[in-house]
Amino acid sequence: MSIIQLLPDHIANQIAAGEVIQRPASVIKEMVENAVDAGATSIKVIIKDAGRTLIQIIDDGYGMNEKDAVLCFERHATSKLKTADDLFQIQTKGFRGEALASIAAIAHVTLKTKHKDEAELGVKIEVEGSTIKINERVVCSKGSSFEVKNLFYNVPARRNFLKSDAVEFNHIREEMERIIFAHPNVQFSLFHNGQAIYELQSAILRKRIVDVFGKSIQEKLVPIEEETNIVKIHGYIGKPDASRKSRGEQYLFVNNRFFKDSYFNHAITKAYEGLIADKTYPTYFIFFEIDPSKIDVNIHPTKTEIKFEEDRFIYSILLSSVKQALGKYNIYPTLDFEQETSFDVPNSVRKSDPVAPYIEVNPNFNPFQLTSSSPNSNSKGGSSGFSTAMKNVGFGNDAPSTLDWENFYKIKEEETPVETQKLDFEEAIEDTVVEQTDNLLIRGKYLITNCKSGLLVIDYKRANERIVYDELQSNFIHSPIAAQQLLFPYEKNISKQEALQWSNNTSLFNQLGFIGEIQNENLLINAIPSFLSDEHINDVLENMLETLMHREIEKSDLAHKLISDIAKSASRTLKIATIDHGKKIIDQLFQCENHSFSPTGKKIISTLTFEEIAQKF
């Protein structure tokens with residue numbers, strides 16, 4: 001009896017959907033790329049509940065006739081490929097013909113479309129679970145409008161694995177930005193729950209970047225351009241001061257297709273060596289133009305990984321191009337040899353006639369002649385033969401004697417070592433009781449004190465981080481953290497997306513002691529937590545915004561992560577200058593429930609035992 005059978009189409013489509021459609025952001029990526037391939041000049045995206053309830057894509061592209069509208073939901077139905085050779089000359093975003101079939105298998109999809117050459121009615125198609133329910137003529141505008149509702153309605157396990165709306169929306173925003181930067185000539189708009197996120201007009205690449213990330217990035221962009229017979233490179237890189245603590249603003253494109261590549265990222269990062277701090281990442285928007293036959297885009301289900309035929313050469317060209325761009329705009333350290341060989345002439349002598357240098361020699365100079373005469377210069381025991389400068393440092397002040405020569409030739413005998421009683425160190429430890437004292441040593445970022453088993457070494461910055469974290473946690477649970485009003489509001493320029501994240505989490509920030517408002521892409525902070533000093537405000541705000549923008553973190557864990565960021569930033573520049581301050585830190589640390597590790601899991605306390613000390617001798 002045969003046990004192998006051909007799967008039905010609806011099951012095969014659901015399996016394909018598991019590879020292609022992972023979350024709502026995957027739907028938006030596939031359908032917006034289809035709109036771009038259809039020649040759209042304006043694309044509108046509307047989502048509700050981070051895509052769980054509704055995803056709608058409206059474009060003004062070529063549109064489809066009735067036959068194509070039905071066929072587009074079939075597996076491996078595509079207008080991008082005609083022959084097998086076309087796989088090696090791909091210029092479009094999509095080419096497999098799986099996206100719409102996969103989406104229709106796990107959602108309710110409604111398509112309204114009209115071909116650009118049709119003057120009358122368009123067509124409406126409704127699909128549920130790969131089955132066409134409605135196929136009728138309707139009045140609609142030219143182009144296409146896709147509505148995707150109830151995503152994963154028939155795959156409850158996949159729906160349960162979706163994250164919170166905030167996390168899923170961040171994935172949608174990232175996918176949109178990858179397409180937005182690749183096609184600055186296309187108008188894009190994005191609406192979430194009725195709120196406008198993007199409303200971007202057609203523009204040049206630099207203007208598109210500024211429109212998305214805000215005016216603050218305008219002065220931090222450095223153009224990069226290089227053309228060889230292998231690859232053409234163009235785009236923008238960020239100045240070193242635009243580096244971030246996450247990889248959120250790093251974009252690589254090949255033939256206007258976004259891709260990820262750790263090999264090329266290493267080349268860019270290497271060019272920034274010595275210019276940016278450790279554990280920070282440069283910003284870049286770099287485009288490659290290369291012969292499609294020399295790359296393979298068909299190696300990953302989501303097409304974000306690409307194989308390059310000449311990747312080693314491209315690596316070298318990319319590294320050189322980034323270094324050249326940084327040096328060209330006086331960012332990379334360079335040597336100006338013309339400046340090194342010239343001298344700045346003072347204004348006082350600039351107009352005077354040049355005079356040749358000369359050396360004056362005293363032909364009567366005798367080094368053995370006395371440089372100064374005195375009544376006792378020829379007397380016995382005088383200081384004859386010593387200049388005034390040597391006399392000033394003590395030479396010639398004492399009269400010479402034969403005892404000086406005797407001491408010079410005397411050989412010091414070695415002292416016979418006195419035998420000492422051998423002490424067993426282990427026995428000494430057992431017989432000696434080490435009492436706790438108030439002795440404390442401050443060295444660098446460490447506090448060193450004694451304990452019964454040896455020496456106790458404490459990283460006081462991590463200790464303070466644990467103290468602040470525990471205090472904030474206990475206060476945050478019961479009541480808002482006490483805030484102090486600033487004399488003058490602290491102003492920070494932020495991107496549109498950061499402003500949106502701040503607005504969506506205003507109540508949480510108020511609870512943490514940060515009270516502020518958004519005005520024209522500027523964040524005005526009027527109050528900060530009472531324990532926070534003014535010099536820490538910028539670091540804390542950057543860490544919190546970085547967390548909101550680029551970390552996949554649930555709403556329930558967000559408060560704990562932000563509190564951890566605040567505690568870490570407040571402790572980064574802590575300096576302990578007095579013994580009393582050090583004792584206070586130690587006392588507060590041992591009052592914490594978990595005093596051995598920082599909130600990020602790093603060790604705070606280390607004990608150096610007598611046995612470990614003995615092994616070093």
Salt bridge (charged side-chain N to carboxylate O under 4.0 Å, His left out) between R173 and E177, worked out: CA-CA 6 Å; R173 178 182 54 80; E177 287 174 357; 3.3 Å; yes
Neighbour count above 12 (heavy atom, 6.0 Å) for K461 NZ: yes
Heavy atoms of other groups near E225 CD, more than 12 under 6.0 Å: no
Flag if over 12 foreign heavy atoms under 6.0 Å of OH, Y490: yes
Any F146 side-chain heavy atom under 4.5 Å of I55 side chain: no
Geometric class of the F181/Y251 ring pair [parallel <30°, tilted 30-60°, perpendicular >60°]: perpendicular
Residue Y263 excluded, over 12 heavy atoms near OH under 6.0 Å: yes
K445 to Y460 six-membered ring, cation-pi geometry met (6.0 Å, 45°): no
Residues that H192 engages under ring pair (Phe, Tyr, Trp, His ring centres under 6.0 Å), provided they are two or more places apart: F169
Evaluation steps, side chain to side chain donor-acceptor pair (under 3.5 Å), between D60 and T41: CA-CA 7 Å; D60 62 351; T41 59; 2.7 Å; yes
I286 side chain near F253 side chain, heavy-atom distance below 4.5 Å: no
Candidate pair E249 and Y284, rule side chain to side chain donor-acceptor pair (under 3.5 Å), full reasoning: CA-CA 7 Å; E249 296 177 4; Y284 54 79; over 6 Å; no
S571 side-chain N/O to E465 backbone N/O, donor-acceptor pair under 3.5 Å: yes
Qualifying residue, where the test is side chain to side chain contact (heavy atoms under 4.5 Å, CB included) with I47 and the options are L54, I197, I28: I28
Qualifying residues under salt bridge (Lys or Arg N to Asp or Glu O under 4.0 Å), relative to K492, sequence neighbours excluded: E542
Check: R244 side chain, T280 main-chain N or O, donor-acceptor pair, under 3.5 Å: no
Between Q473 and Y469: side-chain donor-acceptor atoms closer than 3.5 Å: yes
Donor-acceptor pair, side chain of R159 and main chain of N150, under 3.5 angstrom: no
Within 6.0 Å of NZ in K220, more than 12 heavy atoms from elsewhere: yes
Contacts of type side chain to side chain donor-acceptor pair (under 3.5 Å), residue K48, not counting sequence neighbours: none
